Amino acid sequence: MEDLGELYQELILDHYRNPRNFGTLPGANRSARGHNPLCGDRLDLAVLLEGDRIADLRFRGSGCAISTASASLMTEAVKGRARPEALALFEKFHRKVTGREAEGAPEDLGKLDVFAGVREFPVRVKCATLAWHTLKAALEGDAGTVSTE
Ligand code: ZN
């Protein structure tokens, strides 16, 4: 796992040690649970939807640095956004971390770009996308646990 060293950039470590929007969310009206069996990451996500807008969201769980930091940065990225906007951002993020961006048209996703390096590590792609899959399930009202497998 030494080659992963460069992935653990400062921003990821910061969000791993001090995850934003971490905890429970009283009054949440959407929730979903995510599990990445390959790495053991677990995530509970609670969302407060007001109309079609993500008014607030929080997560809990235990996972590796990448999954925790990704969850933290995901909550920052989608808070306040309309549901379709958040889902569109997930699509962009997914293309970014799987290396399927359109040729010659890299998209600037701000802080989320820190995860672009995981495309070299398929197992880590699951860690980075777990929170997003869980968000999608919460927004679409799917019951049960989302698994990356
Ligand atoms: Zn992980």
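This structure is a prediction, so every number in the text was calculated from the model and none was measured. All ligand and atom numbering here is 1-based and tracks the order in the structure.
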Salt-bridge test for [X] and [Y]: reply yes if a basic N is under 4.0 Å from a carboxylate O, no otherwise.
| X | Y | result |
| --- | --- | --- |
| Glu107 | Arg95 | yes |
| Asp113 | Lys111 | no |
| Arg20 | Asp14 | yes |

### Query
If you round to the nearest 0.5 Å, how far is CD of Glu140 from CG of Leu135?
9.0 Å

### Summary
Distance filter < 2.8 Å from the Zn ion (ligand 1), protein N/O/S hits 5

### Query
Taking side chain as C-beta onward, heavy atoms only, is Leu89 less than 4.5 Å from Glu85?
no

#### Entry: With sequence neighbours excluded, residues passing side chain to side chain donor-acceptor pair (under 3.5 Å) with Asp44
Arg33

